[in-house]
Amino acid sequence: MSQSNAHTDIDLDPVTFEVLRSSFTNLVDRMAEQIQRTCYSFVIYNRDFSNCLNDAEGNTVMQGSQDIAVHVGTLHYTCKETLEYFEGDINPGDVYIVNDPYLGATHINDVRIMRPVFYDDELIAVTQSNGHWADVGGPSPGSFNIEASSYFAEGLRIPPLKIWDRGEFQEDVANLLVSNMRLSEDRLGDMRAQTEATRIAEERLLELVDKYGIDTVKTAFDESKNYVERIMRERIRELPNGTWRTQDYIDGDPTEEEGFVTIDVEMTIDDDEVHYDLSGSDEYIGNFLNSTYGTSFSAVIAGTKMFFPDVPLNSGMYRVVDATLPEGTVVNAPEPVPVTGSVAGAYEKVMNAIFEMWSEVLPERAMACAFNLEYLLSGGTDRRPDRDGEEFMWYDWMAGGWGGRDGMDGANATAPVFGAGLAVQSLEGQERDTPLLTSEHSIVTDSAGPGEFRGGCGVRKGGRLLESENSVISYCSDRSRSITWGLNGGLPGIPHGVSLTRDGETEDMGTVFSNRPIEEGDAFVRPSSGGGGFGDPLERDPEAVREDVIDDYVSIERAETDYGVVIDAVDPDLCEYEIDLEATEQARDHIRENRESWLEEDPESVAERYREGELDQRDLVRQYGVILEWETEELLERTTEQFREMLGRRAAAEWQ
C-alpha cells in the first residue's frame, strides 16, 4: 500500500511518527545486541531469544527484527499477566521473571525478564526480554522429558517473581531458582544479561521521552499499533471472503493406539478480519508435544505473518487476526499437562496448516510443508583432561529444508519456521564446550520432497561422545510418520529420527525419547527432512533435475523414480551427466499410468517388499504411501490409511 494511505488519520505528523517507530525498532534490536554479547548460554548466543517493548497495559508496541517466531504472539500475554499479578506493587527499579506456560507463555525453557519503565512516577512501558535457557531443572538435561505426565516432571515452573525489588537484587530468590538448574552459573549469567538488556531499553526509551515529550511518545505507542492494524485491514479487505480448512498431524499419542493426532485449522476471511477456529483438533496427548493457548496463538500469528512479510508486527495485528483454541485440545492443553515439546509438536503443525490455506488465497506466495524442528540434548560429566569432571550440557538443533514454492525451489538447509532468525550453532564452539565431536554435517541427498519445484534439502549431522561419565541423551522431534508433505501434486520429504551406534551395532531410536544412557565412543546420526515438493514432479524441467544430480541434491536412481528423468553418468568426477530423452519420456509415461494404483496396493504386501530389500523407505513414503514403525518394520495400518488420504488430497488429486 502507499505511504500516504498508511498514515491516514494518525495523530502525529508522518515524519515524527516514522522517526519514533524506527527508534522503537532500534531500541529492541539494541537489546538483542546486548544479550548476544553478554549471555553465558551457547543456546541464547545462537539467537534463541526475543525482545519487545510493551506499553503500560502490556500490549506489544514493537518486536525485534530477528525475533523467534514462536515468541511473537506470547510476549504481550506474559506482560499482561505479570502486570495484573503485581498490580498495586509495581515500582521503579523492579524487575520480574516468569516462565509459566499456562500464563500465555511457550514452555518452561523460555524465561522472560520484564522491567517496568516509569517517567515522573507514571508507568509508561515495560521492556521485556525472553531467552531460551538451556536447562531449567527436572530429571532430563535440557529439561526435555518425554516421559513427563505433568509439568512437575519437566522442570522448574516460575510464576511472576521479583528478582529486583525497587532496585535491590533479590539474591536469595535468584539463587533458589538457578540452584535447581544445571550449570547454575550460566543460568545466573543469562538472567543478568537479559536484565541488562531491559535496562538499556529503558534508558533509550527515556532518552526519547526527554527529546520528544511523554505525550508524543505515548501517542507514538498507540499509533504504532493503529498503523499495523490499518495496513493489515486494508490488505485483508483486498482478498475474497470465504472459509478454508485443512489438517496437519502429530505422529501419534503414545497412550493410544497408533494413528495420527489431528490439528484441524479452519480460516475465515470476513471483510477486513481473519478468524481461525481450531475446534476440530484432537484432545491433548500423553506426552509433551501439546501446546498451550499462547503458543498456538503465536503459531496463528506467525503463520499469517509469513504471507504479509512487509507488515510490521505488534498488538495491532491481534485486532485483525484472532483464534478459537478450545481448552483441553492438543492446541490448548490445560495445567498441568506437559508442553515442553510444543514447538516440535502442535506449534509447527498449526503454522504449516496455515501455510497451506494461505497458499490458496495468495498462490503467488504458496509454499509446501517445511521440515520439523528437532532438538538433540545430552548431559553428563566431562572427563576431558582440562575439565576436572565438571558438568556439561550439549543442546543442539539442526537446519533443514523449507517447502517448494510457486515458481521456486524451497530453501536448502535453513532454520526451522518456528524461528527464521535462529542460527546454526558453531561446531567448533560446541566441541570446545562439551565432550562431543561432530563427525559429519552435510546436505542429505534425496531428502527434498519431489515436485515441479522441489523442496529444499535437509541436513545430516552426526556426533560421537568423547571422555565422559554418567551421560544421557534425549531427542524431541516429530514427522517420523506424518512426513513433511507436498502441495499441488508435490511429494513428501523423508522421516525424521535418530540412530545410535555402539560397538558396531546400530539402533534406530525414533523421534522422541529421554535420558537414554550413552557411553564414551557411542556415535549418533540424525537427518532432517527436506521440504515438501510443490507441483507435479513429472512437470519438472529435466534439465533442472540434471542440475540437482550434479549438485548431489538428487541421486541418479531417484531422479528416475521420483521425476521420471533418466540420466547417464558420463564422467561423475567432471560432473558430466546426460539426459536420455527417449528413456525419460517412457519413464514418465510409466509413472503417470501407475502412480495412482500404487497408492492402492495392499499395504502389507508393500511392507513385505520393503523388508526383503526390494523397496526402500523413500519408495514407501512417496510411491506407495505406506508408513511403518521404522525401528521394527511393523506396518502401521491406521497411520498408513491416514497418510494415503493426505497424499490423495495434496498430491494425487492434482496430477493430470
Just wondering, do [Y] and [X] contact through their side chains at under 4.5 Å, heavy atoms?
X: R526; Y: H496; value: no
X: V300; Y: V350; value: yes
X: F288; Y: I146; value: yes
X: I483; Y: I494; value: no

side-chain contact (heavy atoms from CB on, under 4.5 Å) with [X]: which residues, sequence neighbours excluded?
X: P334; result: Y284, E327, V337
X: S482; result: Y249, D251, F260, K349, D478, R479
X: F118; result: I90, P92, P116, L123
X: S149; result: none

Distance, nearest 0.5 Å, that separates [atom1] of [X] from [atom2] of [Y]:
X: E374; Y: S480; atom1: CD; atom2: OG; answer: 13.0 Å
X: E519; Y: L500; atom1: CD; atom2: CG; answer: 9.5 Å
X: C79; Y: N54; atom1: SG; atom2: CG; answer: 3.5 Å
X: N515; Y: S474; atom1: CG; atom2: OG; answer: 4.5 Å

Between Y102 and Y151, how do the two ring planes meet: parallel, tilted or perpendicular, split at 30° and 60°?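 Tilted: the ring planes of Y102 and Y151 meet at 30° to 60°.
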Mark yes or no for whether [X], through its side chain, and [Y], through its backbone, hold a donor-acceptor pair below 3.5 Å.
X: N372; Y: S477; value: no
X: S315; Y: N59; value: no
X: N145; Y: E147; value: yes

Can you sort out the partners of E154 under side-chain hydrogen bond (donor to acceptor under 3.5 Å, both in side chains), two or more places apart, ordered by chain and number?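 With neighbours one apart ignored, the set is T340.
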All side-chain hydrogen bond (donor to acceptor under 3.5 Å, both in side chains) counterparts of E520, not counting sequence neighbours: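 Checked E520 against side-chain hydrogen bond (donor to acceptor under 3.5 Å, both in side chains); zero matches.
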Is a side-chain donor-acceptor pair under 3.5 Å present for [Y] with [X]?
X: N314; Y: T60; value: no
X: Y45; Y: Q36; value: no
X: Q430; Y: D396; value: yes
X: T198; Y: S129; value: no

Restricting to non-hydrogen atoms, name the atom on [X] and the atom on [Y] that form the minimum distance, rounded to 0.1 Å.
X: T127; Y: V117; value: CG2-CG2, 4.0 Å
X: A413; Y: V459; value: CB-CG2, 3.5 Å
X: R47; Y: A32; value: NH2-CB, 3.9 Å
X: R157; Y: N99; value: C-OD1, 3.4 Å
X: S447; Y: G458; value: OG-N, 2.8 Å
X: S499; Y: T506; value: CB-CG2, 3.9 Å

Would you call [X]-[Y] a salt bridge at under 4.0 Å N-O?
X: K80; Y: E84; value: no
X: E507; Y: R516; value: yes
X: R384; Y: E467; value: no
X: E390; Y: R387; value: yes

Looking at the rings of [X] and [Y], which for Trp means the six-membered one, are their centres under 6.0 Å apart?
X: Y475; Y: Y375; answer: no
X: F49; Y: H71; answer: no
X: F371; Y: W397; answer: no
X: Y77; Y: F297; answer: yes

Using salt bridge (Lys or Arg N to Asp or Glu O under 4.0 Å) as the criterion, list what pairs up with E203, not counting sequence neighbours.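 For E203, the residues satisfying salt bridge (Lys or Arg N to Asp or Glu O under 4.0 Å) (neighbours in sequence not counted) are R199.
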Please set out all donor-acceptor pairs under 3.5 angstrom arising from side-chain atoms of residues 166-176, sequence neighbours excluded.
| unit_1 | atom_1 | unit_2 | atom_2 | d |
| --- | --- | --- | --- | --- |
| R166 | NH2 | N91 | OD1 | 3.3 |
| Q170 | NE2 | E168 | O | 2.9 |
| N175 | ND2 | E171 | O | 3.3 |

Show, in sequence, the C-alpha distance, side-chain angles and deciding distance for R112 and T74, and conclude whether the side chain to side chain contact (heavy atoms under 4.5 Å, CB included) test is met. CA-CA 10 Å; R112 285 95 193 275; T74 65; 2.8 Å; yes
List the steps, then state whether ring pair (Phe, Tyr, Trp, His ring centres under 6.0 Å) holds for F221 with F24. CA-CA 9 Å; F221 283 176; F24 299 153; 5.2 Å; yes
For the pair I97 and I158, evaluate side chain to side chain contact (heavy atoms under 4.5 Å, CB included) and give the outcome as yes or no after the intermediate values. CA-CA 7 Å; I97 185 171; I158 307 172; 4.3 Å; yes
Decide yes or no on salt bridge (Lys or Arg N to Asp or Glu O under 4.0 Å) for R37 and E33, but give the supporting numbers first. CA-CA 6 Å; R37 283 163 171 73; E33 294 300 317; 2.4 Å; yes
When you look at F392 and T381, which way does the side chain to side chain contact (heavy atoms under 4.5 Å, CB included) test go after all the steps? CA-CA 6 Å; F392 78 88; T381 304; 5.8 Å; no
Would you mind listing every ring-ring contact (aromatic ring centres under 6.0 Å, His included) that reaches into residues 418-441, with sequence neighbours excluded?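 For residues 418-441: none.
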Could you check N352, T329, V330 and say which one makes a side-chain contact (heavy atoms from CB on, under 4.5 Å) with I263?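 Between I263 and the candidates, side-chain contact (heavy atoms from CB on, under 4.5 Å) is satisfied uniquely by V330.
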Just to verify, which of M317, R21, M62 counts as forming a side-chain contact (heavy atoms from CB on, under 4.5 Å) with V228?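 Considering M317, R21, M62, a side-chain contact (heavy atoms from CB on, under 4.5 Å) with V228 is found only for M317.
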If you look only at pairs with a residue in residues 291-300, which of them pass as a side chain to side chain donor-acceptor pair (under 3.5 Å), with sequence neighbours excluded?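 For residues 291-300, and leaving out neighbouring residues, the side chain to side chain donor-acceptor pair (under 3.5 Å) pairs sorted by first residue read S291-S296, T292-T295.
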Yes or no on side-chain hydrogen bond (donor to acceptor under 3.5 Å, both in side chains) for Q194 and W133, after CA distance, side-chain angles and deciding distance? CA-CA 11 Å; Q194 290 178 245; W133 289 14; 2.8 Å; yes
With side chain to side chain contact (heavy atoms under 4.5 Å, CB included) as the test, would you mind laying out the steps for T434 and M393 before giving the verdict? CA-CA 7 Å; T434 64; M393 180 61 234; over 6 Å; no
With sequence neighbours excluded, what pairs up with F86 under the ring-ring contact (aromatic ring centres under 6.0 Å, His included) test?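 Expected list: Y96.
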Partners passing ring-ring contact (aromatic ring centres under 6.0 Å, His included) against W402 (at least two apart in sequence or in another chain):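 Expected list: none.
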